[in-house]
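The block underneath contains the structure these notes are about, expressed in structure tokens.
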Amino acid sequence: MSVKLRKVGSSHVLTVPNKFKVPENTEFDVFHGHDGSIIYTPKRNNPFEGDWYNQDLKQESEFEGVDDLNIEMVRKSG
């Protein structure tokens, strides 16, 4: 399958065939290779951006709020 570069206004456009079922308004990052290849990849959120490192990432205990007696009963029955 091939597509043809078209001029629309002052831009050049490559079409995406319907059989690829790409949702409308999907954003892509685009890369241009040294060999002339053009690669489109769906835009993803960068997990390293933002201030997540300032958040409390400590995991809560599975047994938060359960007294020691109930924990012993679970251990014995499990």
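Around atom CG of Asp29, more than 12 heavy atoms belonging to other residues, nucleotides or ligands sit under 6.0 Å away. Surrounding CG of Asn18 are at most 12 heavy atoms belonging to other residues, nucleotides or ligands under 6.0 Å away.
Pairing each heavy atom of Pro17 with each of Thr15, the nearest pair is CD-O, 3.8 Å.
Both Met1 and Ile38 belong to a common hydrophobic cluster when Ile, Leu, Val, Met, Phe, Trp and Tyr are linked at side-chain heavy-atom distances under 4.5 angstrom. Leu5 and Tyr40 fall within the same hydrophobic cluster, where Ile, Leu, Val, Met, Phe, Trp and Tyr residues are linked whenever their side-chain heavy atoms come under 4.5 Å apart, directly or through other members. Under the 4.5 Å side-chain heavy-atom criterion for grouping Ile, Leu, Val, Met, Phe, Trp and Tyr, Val3 is not connected to Ile39 through any hydrophobic cluster. Note on Val30 and Val16: same hydrophobic cluster, where clusters join Ile, Leu, Val, Met, Phe, Trp and Tyr whose side-chain heavy atoms are under 4.5 Å apart, directly or indirectly. Transitive grouping of hydrophobic side chains (ILVMFWY, heavy atoms separated by less than 4.5 Å) brings Phe28 and Phe20 into a common cluster.
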